[in-house]
Amino acid sequence: MAILVTGGAGYIGSHTCIELLNAGYEIVVLDYFLNSKPEVINTIKEITQSAFKFYTIDLLDKNSLDKVFLENDIEAVIHFAALKAVGESSYNPLEYYHNNITSTLILCEKMRKYNVKNLVFSSSATVYGVPERCPISEDSPLKAKNPYGRTKLMIEEILQDLYASDKEWSICILRYFNPIGAHQSGLLGEDPNGIPNNLMPYITQVAIGKLKKLNVFGNQYPTNDGTGVRDYIHVVDLAVGHLKALERITFSTGVEVYNLGTGKGYSVLEMITAFEKASGKKIPYKIVESRPGDVAVCYADPEKAEKSLGWTATKGIDEMCKDAWRWQSLNPNGYEKNQERESPYCIPSEDFLIGNK
Ligand code: UFG
(Lines give C-alpha, C1' and ligand atoms only; values in the text may rest on other atoms or scores of the structure.)
Protein backbone atom coordinates (compact mmCIF):
# COMPACT_ATOMS: atom_id res chain seq x y z
CA MET A 1 0.00 0.00 0.00
CA ALA A 2 1.36 3.41 -0.93
CA ILE A 3 0.74 7.05 -0.09
CA LEU A 4 0.21 9.28 -3.12
CA VAL A 5 1.82 12.70 -2.66
CA THR A 6 0.74 15.41 -5.14
CA GLY A 7 3.13 18.35 -5.39
CA GLY A 8 5.83 16.23 -3.78
CA ALA A 9 8.66 18.30 -5.27
CA GLY A 10 7.45 21.50 -3.62
CA TYR A 11 8.84 23.04 -0.46
CA ILE A 12 6.53 21.39 2.07
CA GLY A 13 5.80 18.35 -0.12
CA SER A 14 9.47 17.40 -0.47
CA HIS A 15 10.14 17.63 3.26
CA THR A 16 7.05 15.50 3.88
CA CYS A 17 8.27 12.87 1.39
CA ILE A 18 11.47 12.59 3.39
CA GLU A 19 9.63 12.06 6.67
CA LEU A 20 7.33 9.50 5.03
CA LEU A 21 10.24 7.53 3.57
CA ASN A 22 12.17 7.69 6.83
CA ALA A 23 9.11 6.33 8.63
CA GLY A 24 8.99 3.38 6.22
CA TYR A 25 6.03 4.42 4.05
CA GLU A 26 5.95 3.51 0.38
CA ILE A 27 5.24 6.69 -1.58
CA VAL A 28 4.23 7.60 -5.11
CA VAL A 29 4.99 11.21 -6.00
CA LEU A 30 3.41 13.50 -8.60
CA ASP A 31 4.57 16.92 -9.65
CA TYR A 32 4.29 19.12 -12.73
CA PHE A 33 7.12 21.47 -11.70
CA LEU A 34 5.08 24.66 -12.08
CA ASN A 35 6.73 26.04 -8.98
CA SER A 36 9.37 23.43 -8.14
CA LYS A 37 12.43 21.79 -9.67
CA PRO A 38 12.99 18.23 -10.96
CA GLU A 39 16.31 18.08 -9.02
CA VAL A 40 14.28 17.85 -5.82
CA ILE A 41 13.19 14.30 -6.67
CA ASN A 42 16.77 13.08 -6.80
CA THR A 43 17.60 15.01 -3.66
CA ILE A 44 14.82 13.26 -1.72
CA LYS A 45 16.19 9.91 -2.90
CA GLU A 46 19.72 10.96 -2.04
CA ILE A 47 18.85 12.06 1.49
CA THR A 48 16.70 9.05 2.32
CA GLN A 49 18.59 6.48 0.24
CA SER A 50 15.17 5.21 -0.77
CA ALA A 51 13.57 4.68 -4.14
CA PHE A 52 10.01 5.64 -5.06
CA LYS A 53 7.88 6.07 -8.13
CA PHE A 54 7.60 9.52 -9.61
CA TYR A 55 5.24 10.81 -12.30
CA THR A 56 5.38 14.18 -14.08
CA ILE A 57 1.65 14.82 -14.18
CA ASP A 58 -0.58 17.85 -14.42
CA LEU A 59 -3.61 17.17 -12.24
CA LEU A 60 -5.70 19.19 -14.68
CA ASP A 61 -5.07 16.50 -17.28
CA LYS A 62 -8.08 14.40 -16.38
CA ASN A 63 -6.90 11.09 -17.81
CA SER A 64 -3.34 11.06 -16.56
CA LEU A 65 -4.31 10.17 -13.00
CA ASP A 66 -5.99 6.92 -14.02
CA LYS A 67 -2.58 5.47 -14.83
CA VAL A 68 -1.29 6.33 -11.36
CA PHE A 69 -4.21 4.68 -9.58
CA LEU A 70 -4.15 1.66 -11.88
CA GLU A 71 -0.41 1.08 -11.57
CA ASN A 72 -0.19 1.51 -7.79
CA ASP A 73 -2.00 0.29 -4.71
CA ILE A 74 -2.82 3.69 -3.22
CA GLU A 75 -4.10 3.80 0.34
CA ALA A 76 -4.22 7.55 1.00
CA VAL A 77 -3.42 10.84 -0.70
CA ILE A 78 -1.59 13.89 0.64
CA HIS A 79 -2.56 16.76 -1.66
CA PHE A 80 -0.05 19.61 -1.79
CA ALA A 81 -0.12 20.55 -5.47
CA ALA A 82 -1.39 24.13 -5.87
CA LEU A 83 -0.48 27.64 -6.92
CA LYS A 84 0.40 29.55 -3.76
CA ALA A 85 1.44 33.17 -4.27
CA VAL A 86 -1.00 35.51 -2.54
CA GLY A 87 -0.12 38.61 -4.61
CA GLU A 88 -0.08 36.78 -7.93
CA SER A 89 -3.51 35.31 -7.17
CA SER A 90 -5.04 38.79 -7.24
CA TYR A 91 -3.66 39.39 -10.75
CA ASN A 92 -4.55 35.93 -12.06
CA PRO A 93 -7.67 34.88 -10.17
CA LEU A 94 -9.01 32.66 -12.95
CA GLU A 95 -5.77 30.70 -13.12
CA TYR A 96 -5.78 30.27 -9.34
CA TYR A 97 -9.41 29.17 -9.13
CA HIS A 98 -9.04 26.87 -12.11
CA ASN A 99 -5.74 25.33 -11.12
CA ASN A 100 -6.33 24.86 -7.40
CA ILE A 101 -10.01 23.97 -7.38
CA THR A 102 -10.38 22.02 -10.63
CA SER A 103 -7.30 19.92 -9.91
CA THR A 104 -8.67 19.03 -6.47
CA LEU A 105 -12.05 18.11 -7.98
CA ILE A 106 -10.35 15.86 -10.52
CA LEU A 107 -8.20 14.26 -7.83
CA CYS A 108 -11.22 13.57 -5.60
CA GLU A 109 -13.21 12.17 -8.55
CA LYS A 110 -10.39 9.74 -9.28
CA MET A 111 -10.04 8.85 -5.61
CA ARG A 112 -13.76 8.04 -5.51
CA LYS A 113 -13.48 6.03 -8.74
CA TYR A 114 -10.67 3.88 -7.31
CA ASN A 115 -12.21 3.74 -3.84
CA VAL A 116 -9.38 5.62 -2.12
CA LYS A 117 -11.12 7.81 0.44
CA ASN A 118 -8.32 8.89 2.77
CA LEU A 119 -7.09 12.43 2.15
CA VAL A 120 -4.80 14.95 3.85
CA PHE A 121 -5.28 18.43 2.38
CA SER A 122 -2.89 21.38 2.56
CA SER A 123 -4.81 24.41 3.69
CA SER A 124 -3.53 27.65 5.13
CA ALA A 125 -3.97 30.05 8.02
CA THR A 126 -4.87 32.56 5.34
CA VAL A 127 -8.44 31.18 5.53
CA TYR A 128 -8.85 33.10 8.82
CA GLY A 129 -8.41 36.47 7.05
CA VAL A 130 -8.08 39.19 9.70
CA PRO A 131 -8.32 37.15 12.88
CA GLU A 132 -10.67 38.47 15.56
CA ARG A 133 -8.28 37.28 18.24
CA CYS A 134 -5.01 35.39 18.67
CA PRO A 135 -4.16 32.63 19.26
CA ILE A 136 -6.43 31.46 16.45
CA SER A 137 -8.37 28.26 17.08
CA GLU A 138 -9.86 26.12 14.34
CA ASP A 139 -13.41 27.30 15.07
CA SER A 140 -12.55 30.98 14.44
CA PRO A 141 -14.54 32.73 11.69
CA LEU A 142 -13.30 32.06 8.15
CA LYS A 143 -13.05 34.89 5.63
CA ALA A 144 -10.14 34.62 3.22
CA LYS A 145 -9.13 37.96 1.74
CA ASN A 146 -7.53 37.05 -1.57
CA PRO A 147 -8.18 34.58 -4.41
CA TYR A 148 -5.45 32.20 -3.20
CA GLY A 149 -6.97 32.05 0.28
CA ARG A 150 -10.44 31.66 -1.18
CA THR A 151 -9.33 28.64 -3.23
CA LYS A 152 -8.20 27.00 0.04
CA LEU A 153 -11.44 27.92 1.78
CA MET A 154 -13.61 26.73 -1.11
CA ILE A 155 -11.75 23.42 -1.24
CA GLU A 156 -12.24 23.00 2.51
CA GLU A 157 -15.99 23.44 1.92
CA ILE A 158 -15.97 21.03 -1.01
CA LEU A 159 -14.29 18.42 1.19
CA GLN A 160 -16.90 18.94 3.92
CA ASP A 161 -19.64 18.38 1.30
CA LEU A 162 -17.85 15.31 0.01
CA TYR A 163 -17.82 13.72 3.45
CA ALA A 164 -21.46 14.73 4.06
CA SER A 165 -22.39 12.83 0.89
CA ASP A 166 -20.36 9.72 1.65
CA LYS A 167 -19.38 8.86 5.21
CA GLU A 168 -16.63 6.50 4.09
CA TRP A 169 -14.31 9.45 3.48
CA SER A 170 -11.64 10.31 6.00
CA ILE A 171 -10.22 13.77 5.50
CA CYS A 172 -7.71 15.85 7.43
CA ILE A 173 -7.46 19.54 6.59
CA LEU A 174 -4.20 21.09 7.81
CA ARG A 175 -4.03 24.88 8.14
CA TYR A 176 -0.39 25.87 7.98
CA PHE A 177 0.97 28.97 9.60
CA ASN A 178 4.33 30.31 8.27
CA PRO A 179 6.70 27.50 7.28
CA ILE A 180 10.38 28.41 7.17
CA GLY A 181 13.71 26.62 7.58
CA ALA A 182 15.07 23.72 5.59
CA HIS A 183 16.19 20.12 5.88
CA GLN A 184 19.14 19.89 8.23
CA SER A 185 21.29 18.27 5.52
CA GLY A 186 21.36 21.62 3.71
CA LEU A 187 20.34 19.78 0.53
CA LEU A 188 16.67 20.65 0.50
CA GLY A 189 15.00 23.99 1.14
CA GLU A 190 12.85 26.76 -0.23
CA ASP A 191 13.71 27.91 -3.74
CA PRO A 192 11.19 30.52 -4.82
CA ASN A 193 10.98 31.66 -8.45
CA GLY A 194 12.21 35.23 -8.90
CA ILE A 195 12.25 37.73 -6.05
CA PRO A 196 10.82 36.09 -2.92
CA ASN A 197 7.48 37.34 -1.59
CA ASN A 198 7.92 35.78 1.83
CA LEU A 199 10.04 37.09 4.66
CA MET A 200 12.52 34.29 5.34
CA PRO A 201 13.65 33.59 1.75
CA TYR A 202 13.97 37.34 1.28
CA ILE A 203 16.18 37.61 4.39
CA THR A 204 18.38 34.69 3.31
CA GLN A 205 18.85 36.22 -0.14
CA VAL A 206 19.90 39.51 1.45
CA ALA A 207 22.35 37.58 3.63
CA ILE A 208 23.88 35.80 0.62
CA GLY A 209 24.19 39.11 -1.25
CA LYS A 210 21.61 38.49 -3.99
CA LEU A 211 19.35 41.27 -2.69
CA LYS A 212 20.56 44.55 -1.22
CA LYS A 213 18.26 45.07 1.72
CA LEU A 214 15.02 43.92 3.24
CA ASN A 215 11.95 46.14 3.00
CA VAL A 216 10.08 45.86 6.28
CA PHE A 217 6.41 46.33 5.44
CA GLY A 218 5.15 48.77 8.06
CA ASN A 219 6.09 49.60 11.66
CA GLN A 220 2.81 51.06 12.86
CA TYR A 221 1.00 47.84 13.70
CA PRO A 222 -0.30 47.43 17.26
CA THR A 223 2.56 45.06 18.18
CA ASN A 224 5.55 45.43 20.53
CA ASP A 225 7.83 46.98 17.91
CA GLY A 226 5.19 47.98 15.34
CA THR A 227 6.07 45.29 12.78
CA GLY A 228 3.86 42.35 11.80
CA VAL A 229 3.80 39.24 13.97
CA ARG A 230 3.57 35.69 12.57
CA ASP A 231 3.76 32.11 13.76
CA TYR A 232 6.88 30.72 12.03
CA ILE A 233 7.11 26.95 12.03
CA HIS A 234 10.00 24.73 10.95
CA VAL A 235 9.12 22.99 7.69
CA VAL A 236 10.26 19.63 9.14
CA ASP A 237 7.86 20.03 12.09
CA LEU A 238 5.14 20.79 9.56
CA ALA A 239 6.11 17.71 7.54
CA VAL A 240 5.87 15.52 10.65
CA GLY A 241 2.35 16.89 11.22
CA HIS A 242 1.32 15.22 7.94
CA LEU A 243 2.43 11.82 9.21
CA LYS A 244 0.33 12.30 12.33
CA ALA A 245 -2.63 13.30 10.16
CA LEU A 246 -2.09 10.24 8.01
CA GLU A 247 -2.10 7.92 11.03
CA ARG A 248 -5.33 9.57 12.07
CA ILE A 249 -7.22 9.21 8.79
CA THR A 250 -6.31 5.58 8.33
CA PHE A 251 -8.23 4.50 11.42
CA SER A 252 -11.24 6.83 11.44
CA THR A 253 -13.68 8.55 9.09
CA GLY A 254 -14.88 12.17 9.08
CA VAL A 255 -13.44 15.58 8.30
CA GLU A 256 -11.14 17.16 10.86
CA VAL A 257 -9.35 20.50 10.67
CA TYR A 258 -6.08 21.21 12.47
CA ASN A 259 -3.87 24.25 12.83
CA LEU A 260 -0.19 23.47 12.37
CA GLY A 261 1.69 26.24 14.10
CA THR A 262 3.87 26.71 17.18
CA GLY A 263 1.52 29.02 19.08
CA LYS A 264 4.26 31.66 19.33
CA GLY A 265 4.44 34.90 17.37
CA TYR A 266 7.58 36.76 16.25
CA SER A 267 7.72 40.24 14.74
CA VAL A 268 9.65 41.05 11.56
CA LEU A 269 12.34 42.84 13.60
CA GLU A 270 12.62 39.86 15.97
CA MET A 271 13.07 37.61 12.95
CA ILE A 272 15.86 39.82 11.61
CA THR A 273 17.63 39.69 14.99
CA ALA A 274 17.20 35.89 15.27
CA PHE A 275 18.53 35.39 11.76
CA GLU A 276 21.53 37.67 12.34
CA LYS A 277 22.39 35.69 15.47
CA ALA A 278 22.04 32.32 13.70
CA SER A 279 23.98 33.30 10.59
CA GLY A 280 26.47 35.90 11.81
CA LYS A 281 25.32 38.08 8.87
CA LYS A 282 24.03 41.62 9.13
CA ILE A 283 20.66 42.17 7.46
CA PRO A 284 20.30 45.76 6.26
CA TYR A 285 16.66 46.82 6.21
CA LYS A 286 14.43 49.79 5.58
CA ILE A 287 10.96 50.45 6.96
CA VAL A 288 8.54 51.02 4.06
CA GLU A 289 4.75 51.27 3.65
CA SER A 290 2.72 48.36 4.98
CA ARG A 291 1.81 45.72 2.37
CA PRO A 292 -1.86 45.82 1.33
CA GLY A 293 -3.80 42.89 2.76
CA ASP A 294 -1.29 42.10 5.54
CA VAL A 295 -2.67 41.49 9.01
CA ALA A 296 -0.95 42.79 12.15
CA VAL A 297 -0.79 39.59 14.16
CA CYS A 298 -1.41 35.95 13.29
CA TYR A 299 -0.48 32.98 15.44
CA ALA A 300 -2.03 29.61 16.07
CA ASP A 301 -3.71 27.87 18.91
CA PRO A 302 -2.08 24.47 18.24
CA GLU A 303 -3.86 22.67 21.11
CA LYS A 304 -6.22 20.62 18.97
CA ALA A 305 -3.36 19.07 16.96
CA GLU A 306 -1.51 18.44 20.22
CA LYS A 307 -4.46 16.70 21.87
CA SER A 308 -5.94 14.82 18.91
CA LEU A 309 -2.91 14.09 16.74
CA GLY A 310 -0.25 13.97 19.42
CA TRP A 311 1.70 16.48 17.34
CA THR A 312 3.59 19.48 18.57
CA ALA A 313 6.24 21.68 16.97
CA THR A 314 9.65 20.95 18.48
CA LYS A 315 12.06 23.27 16.67
CA GLY A 316 12.59 26.82 17.88
CA ILE A 317 13.32 30.01 16.00
CA ASP A 318 17.14 29.65 16.25
CA GLU A 319 17.07 26.25 14.60
CA MET A 320 14.68 27.53 11.91
CA CYS A 321 17.04 30.39 11.09
CA LYS A 322 20.17 28.20 11.21
CA ASP A 323 18.66 25.64 8.85
CA ALA A 324 17.37 28.33 6.47
CA TRP A 325 20.84 29.86 6.36
CA ARG A 326 22.61 26.50 5.88
CA TRP A 327 20.41 25.79 2.86
CA GLN A 328 20.89 29.26 1.35
CA SER A 329 24.65 29.42 1.95
CA LEU A 330 25.27 25.92 0.51
CA ASN A 331 22.94 26.62 -2.42
CA PRO A 332 23.23 30.31 -3.34
CA ASN A 333 21.22 29.69 -6.52
CA GLY A 334 18.78 27.20 -5.09
CA TYR A 335 18.55 24.00 -7.10
CA GLU A 336 20.19 25.48 -10.21
CA LYS A 337 23.66 24.09 -10.29
CA ASN A 338 24.31 21.72 -7.37
CA GLN A 339 27.26 20.03 -9.11
CA GLU A 340 29.83 21.94 -7.08
CA ARG A 341 28.36 21.23 -3.65
CA GLU A 342 29.86 18.61 -1.41
CA SER A 343 27.16 16.22 -0.35
CA PRO A 344 27.30 14.87 3.19
CA TYR A 345 25.53 11.83 1.72
CA CYS A 346 26.78 9.34 -0.80
CA ILE A 347 26.61 9.98 -4.54
CA PRO A 348 23.29 8.78 -5.99
CA SER A 349 23.45 5.56 -7.93
CA GLU A 350 21.70 4.78 -11.23
CA ASP A 351 18.72 3.60 -9.19
CA PHE A 352 18.21 7.07 -7.91
CA LEU A 353 17.77 8.69 -11.28
CA ILE A 354 14.51 10.44 -11.91
CA GLY A 355 11.88 8.61 -13.90
CA ASN A 356 8.81 6.46 -13.88
CA LYS A 357 10.33 3.33 -12.46
N1 UFG B 1 7.46 40.98 5.33
C2 UFG B 1 8.28 42.07 5.22
N3 UFG B 1 9.08 42.16 4.13
C4 UFG B 1 9.11 41.23 3.15
C5 UFG B 1 8.24 40.10 3.26
C6 UFG B 1 7.42 40.02 4.36
O7 UFG B 1 8.30 42.95 6.09
O8 UFG B 1 9.84 41.37 2.16
C9 UFG B 1 6.60 40.86 6.52
C10 UFG B 1 5.11 40.85 6.22
O11 UFG B 1 4.61 42.16 6.17
C12 UFG B 1 4.57 40.01 7.39
C13 UFG B 1 5.70 39.01 7.69
O14 UFG B 1 6.88 39.60 7.12
O15 UFG B 1 4.41 40.83 8.53
C16 UFG B 1 5.47 37.66 7.06
O17 UFG B 1 5.20 37.82 5.67
P18 UFG B 1 5.24 36.58 4.66
O19 UFG B 1 5.00 37.12 3.28
O20 UFG B 1 6.45 35.77 4.88
O21 UFG B 1 4.01 35.67 5.14
P22 UFG B 1 2.45 36.01 5.26
O23 UFG B 1 2.09 35.83 6.70
O24 UFG B 1 2.09 37.27 4.61
O25 UFG B 1 1.80 34.84 4.37
C26 UFG B 1 2.24 33.51 4.47
C27 UFG B 1 2.04 32.81 3.13
C28 UFG B 1 0.59 32.65 2.84
C29 UFG B 1 -0.08 31.96 4.00
C30 UFG B 1 0.18 32.67 5.29
C31 UFG B 1 -0.37 31.85 6.42
O32 UFG B 1 2.64 33.55 2.09
O33 UFG B 1 0.42 31.86 1.70
O34 UFG B 1 1.56 32.85 5.50
O35 UFG B 1 -0.36 32.54 7.60
F36 UFG B 1 -1.39 31.89 3.77
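We count ligands from 1, going down the list as the structure has it; atoms in each ligand are counted the same way.
- Contacts of Thr126 with ligand 1, taken as heavy-atom pairs under 4.0 Å, involve both backbone and side chain.
- In summary, the atoms of ligand 1 found under 4.0 Å from a heavy atom of Ala125, numbered by their order in the structure, are 31 (C), 35 (O).
- Which parts of ligand 1 touch Asn197 is read off a 4.0 Å heavy-atom cut-off, strictly below it: atoms 5 (C), 19 (O).
- A cation-pi arrangement is not found for Lys281 relative to Phe275, the charged atom failing to lie both closer than 6.0 Å to the ring centre and inside a 45° cone about the ring normal.
- Not a single N or O atom of Tyr176, backbone or side chain, sits closer than 3.5 Å to an N or O atom of ligand 1.
- Using cut-offs of 30° and 60° for the angle between ring planes, the Trp327 and Tyr335 rings count as tilted.
- Distances below 4.0 Å separate heavy atoms of Ser124 from the following atoms of ligand 1: 29 (C), 31 (C), 36 (F).
- Partners of Glu303 under the salt bridge (charged side-chain N to carboxylate O under 4.0 Å, His left out) rule, at least two apart in sequence or in another chain, are Lys307.
- Of the candidates Tyr128, Phe217, Phe177, the one placing a heavy atom closest to atom 4 (C) of ligand 1 is Phe217.
- Annotation: atom 9 (C) of ligand 1 to nearest protein heavy atom, Val268 CG2, 3.6 Å.
- The shortest contact between atom 33 (O) of ligand 1 and any protein heavy atom is with Tyr148 CE2, 3.4 Å.
- Checked by atom type, the side-chain pair Ser90/Asn146 shows no donor-acceptor distance below 3.5 Å.
- Taking atom 23 (O) of ligand 1 as the reference point, the nearest protein heavy-atom neighbour is Arg230 NE, 2.6 Å.
- From the protein, the heavy atom lying nearest to atom 28 (C) of ligand 1 is Val86 CG2, 4.0 Å.
- Using a 4.0 Å cut-off between a side-chain N of Lys or Arg and a carboxylate O of Asp or Glu, Glu138 and Lys304 do not qualify as a salt bridge.
- Expressed to the nearest 0.5 Å, how far CD1 of Ile171 lies from CD of Glu256 amounts to 11.0 Å.
- Nearest-heavy-atom check against atom 3 (N) of ligand 1 across Val206, Asn215, Ile233, Asn198 picks out Asn215.
- No more than 12 heavy atoms of other residues, nucleotides or ligands shown are found within 6.0 angstrom of OH on Tyr285.
- Comparing heavy-atom distances from atom 20 (O) of ligand 1 across Asn146, Thr227, Leu199 singles out Leu199 as nearest.
- Only the side chain of Tyr232 comes within 4.0 Å of ligand 1, counting heavy atoms alone; its backbone N, CA, C and O stay farther away.
- Using a 3.5 Å distance cut-off with no hydrogens or angles, the side chains of Glu88 and Tyr148 do not pair a donor with an acceptor.
- Annotation: cation-pi geometry satisfied between Lys167 and Tyr163 (NZ/CZ under 6.0 angstrom from ring centroid, within 45° of ring axis).
- In terms of protein heavy atoms, atom 11 (O) of ligand 1 is closest to Asp294 OD2, 2.5 Å.
- Less than 4.0 angstrom separates some heavy atom of Arg291 from each of these atoms of ligand 1: 10 (C), 17 (O), 18 (P), 19 (O), 24 (O).
- Considering Val216, Asn178, Ile287 only, the shortest heavy-atom separation from atom 34 (O) of ligand 1 involves Asn178.
- Heavy atoms only, all atoms of each residue included: Glu95 and Leu83 are closest at O-CD1, 4.0 Å.
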